[in-house]
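Here's the structure, in structure tokens; my notes come after.
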Protein chains: 2
Amino acid sequence: MRHKQVNLSKNQQIVLETIRKAKKPLKAYSILSSVKKKGINAPPQVYRALEKLVELGVIHKIESKNAFVDCKNSECETSKATAFSICKKCQKITEIMNSKLSTYLTNFQDNTGMKYEKYNLEFYGLCKRCKL
Amino acid sequence: MRHKQVNLSKNQQIVLETIRKAKKPLKAYSILSSVKKKGINAPPQVYRALEKLVELGVIHKIESKNAFVDCKNSECETSKATAFSICKKCQKITEIMNSKLSTYLTNFQDNTGMKYEKYNLEFYGLCKRCKL
DNA sequence: TAACGCTTGTTATAATATAACATTATAACA
DNA sequence: TGTTATAATGTTATATTATAACAAGCGTTA
Ligand SMILES: [Zn+2]
Ligand SMILES: [Zn+2]
Ligand SMILES: [Zn+2]
Ligand SMILES: [Zn+2]
């Protein structure tokens, strides 16, 4: 199974395909301009689709970039435990799938009495290529 | 020592004080309207100050909120290793200062060959009060 | 003083996101 | 089937967040 399947509306499918075809995280207005030929004309249509897709966990938002990537992790049922590495130079973004890390963070507790239900972690650095 | 001291320009001091006085994370335009009486008139002045203060690590940006809080962690020399807990209900934000967590994340490595230099982690949940 | 770099101020505009309301498609069921 | 409810979509306008571009001031030093 390469991708998670869900019942998606037409606009949601169009937006999702656009994101999947891209090699980079896409911004909402960049998605909008890509999908204008497919009949999506205005920001709310894109933002609604994005919201639903994030909710379903088939895409994630990179908060520090205001950009969206499709989820490559078949274990992401929702967007509740996400970790990314972001190359500061080439902007390449990779979803980190590391069960030790996710177990560690999902079970993380401190003494504030807060119950953590969700987290998002973004690492920044230089990727293998850009390090050279 | 309650707060880190650095040589700050006038605008930086004004913005920093405004953030420190606030009990909640502040957004840039909310800061702007607070400081208009002190002679700061336009967005770039606020954004420049914010940028510098983040760089110095005296404030942090909560990426998922586009908001700024002052750093309460005397060990934050820069904004290179940050973790926050965010209450989904009351929006209360706390900087997590947990040396085990920061050691774990600072040393985190995976097999992508990427060298991580910086991270930002945001936990969401319900705080002690809102859990009731 | 003149030239330079740096910080600040100012105007304008770009980029990101949502409110509000109108319209159309779909489903449930009398 | 027609009727009603619900969800999805379309549309216009606007709010919010952020930066570009340039002008003005100011201290340093050649
Ligand atoms: Zn995922
Ligand atoms: Zn790179
Ligand atoms: Zn800090
Ligand atoms: Zn709360």
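Quantities reported herein were computed from a predicted structural model and do not represent experimental measurements. Throughout, a chain's letter reflects where its sequence line sits, starting with A, and its residues are numbered from 1.
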**Study point:** Ring-base stacking, Y47(A) with dT18(C) (5.5 Å, 30° cut-offs)
**Key:** no
Study note, to complete from the structure: Here the distance between atom P of dT8(C) and atom CD of E51(B), to the nearest Å, is 12 Å
Point to revise | Who pairs with dT28(D) - Watson-Crick or G-U, where each distance is under 3.5 Å | key: dA3(C)
Point to revise | Between P of dC6(C) and NZ of K52(B), the distance in whole Å | key: 11 Å
Review point. Quick one: how far along DNA chain D does chain B reach, first to last nucleotide 5' to 3', anything under 4.0 Å to a heavy atom?
Key: dT17(D) to dA21(D)
**Study point:** Atom-to-atom span, CG of N66(A) to P of dA14(C) - whole angstrom
**Key:** 18 Å
**Study point:** Spacing between E63(B) atom CD and dT16(C) atom C1', to the nearest angstrom
**Key:** 14 Å
Practice item. Using the closest heavy atom to pick a nucleotide of DNA chain C for each, name whichever of Q12(B) or Y29(B) lands nearer the 5' end. Key: Q12(B)
Point to revise | Check: T106(B) side chain, T103(B) main-chain N or O, donor-acceptor pair, under 3.5 Å | key: no
Review point. Atom NZ of K38(B) and atom C1' of dG9(C): how far apart are they, to the nearest Å?
Key: 19 Å
Practice item. Please give the nucleotide sitting opposite dC29(C) as a Watson-Crick or G-U wobble pair, both distances under 3.5 Å, or none. Key: dG2(D)
Practice item. Describe the nucleic acid contact of K36(A) in one word from base, sugar-phosphate, nothing, applying a heavy-atom distance below 4.0 Å. Key: nothing
Check your understanding: Looking only at atom types and distance, does a side-chain atom of E122(A) sit under 3.5 Å from a main-chain N or O of F84(A), one as donor and one as acceptor?
Key -> no
Point to revise | Step-by-step side chain to side chain contact (heavy atoms under 4.5 Å, CB included) determination, I93(A) to K24(A) | key: CA-CA 7 Å; I93(A) 294 187; K24(A) 305 207 286 174; over 6 Å; no
Check your understanding: Would you say the side-chain atoms of K128(B) pair up with the backbone N or O of K115(A), donor to acceptor, closer than 3.5 Å?
Key -> no
**Study point:** I31(A) CD1 - dA17(C) P separation (whole Å)
**Key:** 10 Å
Study note, to complete from the structure: Result for 5'-nearest mapping on DNA chain C, choosing between R48(A) and S30(A), is S30(A)
Revision key, fill the gap. Here the distance between atom C1' of dA17(C) and atom CD of Q45(A), to the nearest Å, is 15 Å
Exercise for review: Nearest whole angstrom, please: distance from the C1' of dA15(C) to the CG of L26(A).
Suggested key: 15 Å
Review point. Quick one: is dT10(C) close enough that its OP1 or OP2 comes under 4.0 Å of any side-chain N or O from N41(B)?
Key: yes
Exercise for review: Compute the centroid of each ring, for Y124(A) and then for Y116(B), and state whether the two points are separated by less than 6.0 Å.
Suggested key: no
Check your understanding: Which one is paired to dA22(C), where only Watson-Crick or G-U wobble pairs with both distances under 3.5 angstrom count?
Key -> dT9(D)
Practice item. Examine distances only and state if a side-chain atom of E51(B) and a backbone atom of R48(B) form a donor-acceptor pair shorter than 3.5 Å. Key: no
Review point. Less than 4.0 Å between a side-chain N and a carboxylate O, is that true for E117(A) and K88(B)?
Key: yes
